[in-house]
2 protein chains.
Amino acid sequence: VKDLGKFFQPKSIAIVGVSSKTTGLGGMSYLVRYLDAGFPGRIYPVNPRGGEIVGLKTYASLSSLPEVPDLTTICVPAGSVPGVLEECGRLGARHIHLLTSGFGEIGTEEGRKLDGRIAAAAREHRLLIMGPNGMGPYCPSARLTAWGAIPGRDGPVGIVSQSGGITQRLTEWLCSLGVGVSKAASIGNATVLDVNDCLEFLAADPSTRVIGIYLESVREGRRLLDLARQVNREKPVLLLRGGETQAGAATAASHTGSMAGEQRVWRAFYRQTGLVHTRSIAEWMDAILAFTLLPAPAGGGVFIVGGGGGTSVVHGDICVGEGLHVPSLSAPSMAKLRPVVPVAGSIAGNPLDYWAIYSDPACLGAVLQIAYADPRVHMIIVDRMIPRKAFHMPLDMPDPTPGTIELMRTNGQRKPTVFLVDSDGGDVGLAEAGAAMRAQFCDAGVPAYPSFDRAARALAHLYRHQSHLTKTGAPS
Amino acid sequence: VKDLGKFFQPKSIAIVGVSSKTTGLGGMSYLVRYLDAGFPGRIYPVNPRGGEIVGLKTYASLSSLPEVPDLTTICVPAGSVPGVLEECGRLGARHIHLLTSGFGEIGTEEGRKLDGRIAAAAREHRLLIMGPNGMGPYCPSARLTAWGAIPGRDGPVGIVSQSGGITQRLTEWLCSLGVGVSKAASIGNATVLDVNDCLEFLAADPSTRVIGIYLESVREGRRLLDLARQVNREKPVLLLRGGETQAGAATAASHTGSMAGEQRVWRAFYRQTGLVHTRSIAEWMDAILAFTLLPAPAGGGVFIVGGGGGTSVVHGDICVGEGLHVPSLSAPSMAKLRPVVPVAGSIAGNPLDYWAIYSDPACLGAVLQIAYADPRVHMIIVDRMIPRKAFHMPLDMPDPTPGTIELMRTNGQRKPTVFLVDSDGGDVGLAEAGAAMRAQFCDAGVPAYPSFDRAARALAHLYRHQSHLTKTGAPS
């Protein structure tokens, strides 16, 4: 395992290439954000002109710093990078984040040559280089957060990604939903440190429980296979792979200079490793939420609660389409439901459709108790409608959300249970109310999704992952 | 074609069964909403107790009204319905909406018998009955809007649906996005008037251009096949079918008392009719938006604009997964792009990734002109990022949305072009800003979607529909 610790918990940072430009991505934006986040260590801006920047003394070169920095962030133009790396090598600065782009990914001979010089410098001086063309390390617990909500939120999710934009998006999302990030590594072209190095590090990191990877290229496929298979048994690994299709692969080539492998090879990869295979950023995020907050399900039977008549029918179809099933409830469950759910205008069964589920947490509680006791039910999706005039709802009814969240806390996820808060529909107020309600649930540790499809798909990932572990003889 | 006109443009309405209860679905809620919407005709509440309700004289029975009502809405309990239908028959009131539930859908012998008596009364007196267990007719141009935004919005979309909740949802959604509804029929159990009757009526209705159907049961499958095949050539028909899977079908049985047909039969149905096959309410709505606002594409080649590096890669993969393709641009297009898009930090090609696309409508305009001239490009998806701090954006930059909308108006959808406004991410302010921006685009006649998957899927439906028409020798 390569020692990447100083990337995420540095005591001192040098930022090489801080111009006075205050907008856009660059040394200045890193400097300002580290200060905003309250980074407690020492920060050294490096700029040949000297003087002061945002109240900090700047240094003409790395060699003139009072110490060897734990982390060196390089933001100078591509052509100047090899010289700075030589200086790092001489001084013994080993942990280097290379933000600069304009290397192999631009597809020119010049770009490829520069990539080669970076790799050579790393070998010669034993440098650990994250990048180029990457956003680098992110660690809220160390207040090392150069993007997203400042100062970010500490949590159990570790991230390795070849896209800066996707890394930012995911960290921001996880923080907004109250889940939080242990460590993120935006590794760009992965010229030196690659996905394997970071995966190995996160596997050994005690603050990381779930791992998300965005990948465009792999140098050592066999090592990734072995590593992923092993890590995935201890910590779920969720993969979003860019370049799955030829169209994507061509783009990946001009994004990080890599060519994606063959479909066939990847199918075998997923089968052998049991890695969670997601296909969009939202699907990836949804699944991470489920793996972070829910226990493993004992099977693929889903109980669908609420939703209305026609909607319940569609929900059942969607579950089956995702590889789950919607079992009939057991005879004892049906007997217990009878006094709880009336006959006309409702559906007592699975799916269950009854108006009071929305408005009365006690009624939902009674239904959940029945589901917890039913051996055919392994997971539960509850539709949480947002009160609105269009649905003949009394808008002045008491808000059932706090009571529902309290109910979920008391029940403590006895079977994986998620909520659907669907605020789609073009109405701005509804969109806002829905996002707020989902955030309330997620913040309380209960996954809430904006569409039934997404809820069902997240649970399907959870179920398939558990099935893989069981089939291959997991410890749990 | 059955004459359903009076359902949607009645001059007088009797509401039988108006209690003084002001909440919940029932005669009172219909009465109040028709008044709120400014329904210009005569409304007669019927209640054996007489007196006044919300300022209107009530009548003890249908027989005591001063005229035979064009539309009779029946809200009395199921057991009393046959008696009211007899009275309708005697008086010659032929257009009847039966809101009451508790018939075949509850699965009892008693419920099935009542259904039989409704069908018998319809045959005997030549009654046109919409329901039971349905929300009935909806027509914004006639101010006949008993649900959703009041008074609703007139537009080109006609709806037939076996779910009241889904009908409400879709009408509300279409109105919020500025598209609007011509006529909607929530037909519930479809005991008398069924999908075929309504489809035939909408096909002949000059104010309807696009037709959405939610279906759980079909009595005359052969007639639906012939009708759908013929109508779909003139007006796109988009079908969401509840009960596609066994789980859904079992629920459909208890929702509207119907059993869904076999998968095999339905696959042949879609192949022969070319109907647009959607699988969730959002997918159905997204496609309706595309069919309503966009011209037919000449092929399946998508140009992807904006999105960032990694995201562009994933977007390409998603297009291919939806059955579209992401062509390389032609050599002349690439030559024209060179002066517009810089090399480092951007991707000039397809997908195209360049920061100025977000901030500068003139730059987007230059890129669109290139795409319009490129014969390989048939459809365009533009990523419209919402300015936010997390992405190193200057938050004080001028809002590019009005300029972008003006650009789209000028270009007049020369090739089907949609926008992606992805506000997912758990942040409440972002959710609100995204919904507002999407509504702005849609209101200006430009479809805007909340995720790339959904944008790509809507365009894929448009492309497949056009392919079907071309293959089967369409007039256009």
Side-chain angles (χ1 to χ4, degrees), chain A residues 23-25 29 101-102 106 147-149 162-163 165-166 168 172-173 176-177 214 216 242-245 247-248 251-252 254-255 280-282 308-314 316-320 325-326 343-345 347 349 351 390-392 394 424-428 431-432 435-436 439 451 453, chain B residues 23-25 29 101-102 106 147-148 162-163 165-166 168-169 172-173 176-177 214 216 242-245 247-248 251-252 254-255 280-282 308-314 316-320 325-326 343-345 347 349 351 390-392 394 424-428 431-432 435-436 439 451 453:
Chain A
T23 59
L25 187 65
S29 68
S101 60
I106 60 172
W147 61 76
Q162 283 194 268
S163 160
I166 290 179
Q168 291 178 63
E172 192 191 5
W173 199 327
S176 288
L177 292 183
Y214 172 75
E216 291 184 2
E244 288 208 324
T245 67
T251 311
S254 56
H255 177 227
S280 74
I281 298 171
T311 312
S312 291
V313 176
V314 175
D317 288 332
I318 290 171
C319 279
V320 174
H325 63 275
V326 185
V343 172
I347 307 174
F391 281 75
H392 301 273
D424 227 340
D427 182 278
V428 177
E432 190 190 4
S451 79
D453 319 39
Chain B
T23 59
L25 187 65
S29 67
S101 60
I106 60 173
W147 61 77
Q162 284 194 269
S163 160
I166 289 179
Q168 291 178 62
R169 184 89 196 272
E172 191 191 5
W173 199 327
S176 289
L177 292 183
Y214 173 75
E216 290 185 1
E244 288 207 323
T245 66
T251 310
S254 56
H255 176 228
S280 75
I281 297 170
T311 312
S312 291
V313 175
V314 175
D317 288 331
I318 289 172
C319 278
V320 174
H325 62 277
V326 185
V343 172
I347 308 174
F391 281 75
H392 300 275
D424 226 341
D427 181 277
V428 177
E432 191 191 2
S451 78
D453 319 38

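Naming: A, B, ... by sequence-line order, numbering from 1 per chain. Atom set for the values below is all heavy atoms of this structure, side chains included, hydrogens, waters and symmetry mates excluded.
Closest non-hydrogen pair, B:Q162 versus B:E216, comes out as OE1-N, 2.6 Å. Across every non-hydrogen atom of B:P351 and B:V326, the tightest pair is CD-CG1, 4.2 Å.
Note: A:G425 leads A:C319, A:G425, A:G426 in heavy-atom pairs under 4.5 Å with chain B. For the set A:A282, A:A436, A:S176, the entry with the most heavy-atom pairs within less than 4.5 Å of chain B is A:S176.
The side-chain heavy atoms of B:S451 and B:D424, taken from C-beta on, include no pair separated by under 4.5 Å. Within the 4.5 Å cutoff, side-chain heavy atoms of A:V314 are placed close to those of B:I166.
Using a 4.5 Å cut-off between heavy atoms, A:S280 contacts chain B through both its backbone and its side chain. Interface residue A:A439: only side-chain heavy atoms are found under 4.5 Å from chain B. Both the backbone and the side chain of A:D427 come within contact range of chain B, each with at least one heavy atom under 4.5 Å from a heavy atom of that chain.
The backbone N or O of A:G310 lies less than 3.5 Å from a partner atom in the side chain of B:Y214, making a donor-acceptor pair.
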